[in-house]
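Down below is the structure, laid out as structure tokens.
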Amino acid sequence: MHDYAGSIVVNYGRIANNLPSATKVVSLLKSQGLDRVKVFDSDPAVLKALSGTGIKVIVDLPNELLFAAARSKSFTSTWIEKNVAAYHPSTQIESIAVGNEVFVDPHNTTKYLIPTMKNLQNSKREMREKRR
């Protein structure tokens with residue numbers, strides 16, 4: 001028998017009424033010993049609440065931005081600066097998810113996945129090179 005050394009990631013969706021504040025959600029995550037979370041947007045209040053907590057974050061580039069992200073590397077560069085670099089490293093953003101449930105999206109965003117991922121990767125690479 002093998003030990004499993006994987007991680008548990010909690011999805012933090014925020015499309016609802018009467019949601020607890022981001023700071024309350026972060027307290028709940030910490031109280032349960034959870035150290036990874038996926039957020040379905042890049043809300044500044046959420047990313048700030050996660051700052052300094054040690055919780056690793058996956059931030060999502062939402063479906064409604066996939067068309068623009070697929071068409072323009074400058075769009076993905078700006079998006080990364082605003083939604084990742086602005087909070088990192090105090091908020092431990094470890095990855096970017098691209099879209100959510102795109103295979104059942106009525107707007108057929110599946111065709112934008114690969115171009116978006118390529119633009120994000122190229123934007124990240126350029127940012128790393130500029131910081132050297």
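- Put simply, the side chain of Ser77 gets close to the backbone of Lys73: a donor and an acceptor are under 3.5 Å apart.
- A distance of 6.0 Å separates OG1 in Thr53 from NZ in Lys30, rounded to the nearest 0.5 Å.
- Between the side chain of Thr110 and the backbone N or O of Val102 there is at least one donor-acceptor pair closer than 3.5 Å.
- Here the shortest heavy-atom pairing between Ile8 and Asp35 reads O-OD1, 4.5 Å.
- Val9 and Val26 are assigned to two separate hydrophobic clusters, defined by single-linkage of ILVMFWY side chains at heavy-atom distances under 4.5 Å.
- Phe40 and Ile93 sit in two unconnected hydrophobic clusters of ILVMFWY residues. Membership requires side-chain heavy atoms under 4.5 Å apart, directly or through other members.
- Residues Val10 and Val25 fall within the same hydrophobic cluster, defined by Ile, Leu, Val, Met, Phe, Trp and Tyr side chains chained together at heavy-atom separations under 4.5 Å.
- When hydrophobic residues (I, L, V, M, F, W, Y) are linked wherever their side-chain heavy atoms come within less than 4.5 Å, Leu28 remains an isolated member.
- Distance check: Thr116 OG1 to Leu66 CG gives 5.0 Å after rounding to the nearest 0.5 Å.
- The two residues Val59 and Ser42 come nearest to each other via the heavy atoms CG2-CB, 3.7 Å.
- Hydrophobic clustering (side-chain heavy atoms under 4.5 Å, transitive across Ile, Leu, Val, Met, Phe, Trp, Tyr) groups Met127 together with Leu47.
- Note on Ile114 and Leu120: same hydrophobic cluster, where clusters join Ile, Leu, Val, Met, Phe, Trp and Tyr whose side-chain heavy atoms are under 4.5 Å apart, directly or indirectly.
- Scanning both residues, Ala85 and Arg131, for their nearest heavy atoms gives CB-NH2, 3.6 Å.
- Annotation for Pro44 and Tyr87: closest pair CB-OH, 3.2 Å, computed over non-hydrogen atoms.
- With Asn119 contributing its side chain and Ala70 its backbone, the two residues share a donor-acceptor pair below 3.5 Å.
- With rounding to the nearest 0.5 angstrom, the CE atom of Met117 is 14.5 Å from the OH atom of Tyr112.
- Remark: side-chain polar atoms of Asp60 are not paired, donor with acceptor, to backbone N or O of Val39 under 3.5 angstrom.
- Once rounded to the nearest 0.5 Å, the distance linking CG of Leu65 with CG of Asp41 reads 10.5 Å.
- Once rounded to the nearest 0.5 Å, the distance linking CD of Glu94 with CZ of Arg36 reads 4.5 Å.
- A salt bridge links Asp43 with Arg14: at least one charged nitrogen is closer than 4.0 Å to a carboxylate oxygen.
- Listed by chain and number, the residues in a side chain to side chain contact (heavy atoms under 4.5 Å, CB included) with Arg125 are Gln121, Asn122, Arg128, Glu129 (sequence neighbours excluded).
- Side chains of Trp79 and Leu61 form a contact here, defined as non-hydrogen atoms less than 4.5 Å apart.
- The minimum heavy-atom distance between Ile80 and Ser123, with the atom names listed, is CD1-CB, 3.8 Å.
- Side chain of Thr91 to main chain of Lys48: no donor-acceptor pair is present (N/O by atom type, distance under 3.5 Å, no hydrogens or angles).
- In this structure, OG1 in Thr76 is found 11.5 Å from CG in Asn83, a value given to the nearest 0.5 Å.
- Scanning all heavy atoms of the two residues, the minimum distance from Leu34 to Ile55 falls at O-CG1, 3.9 Å.
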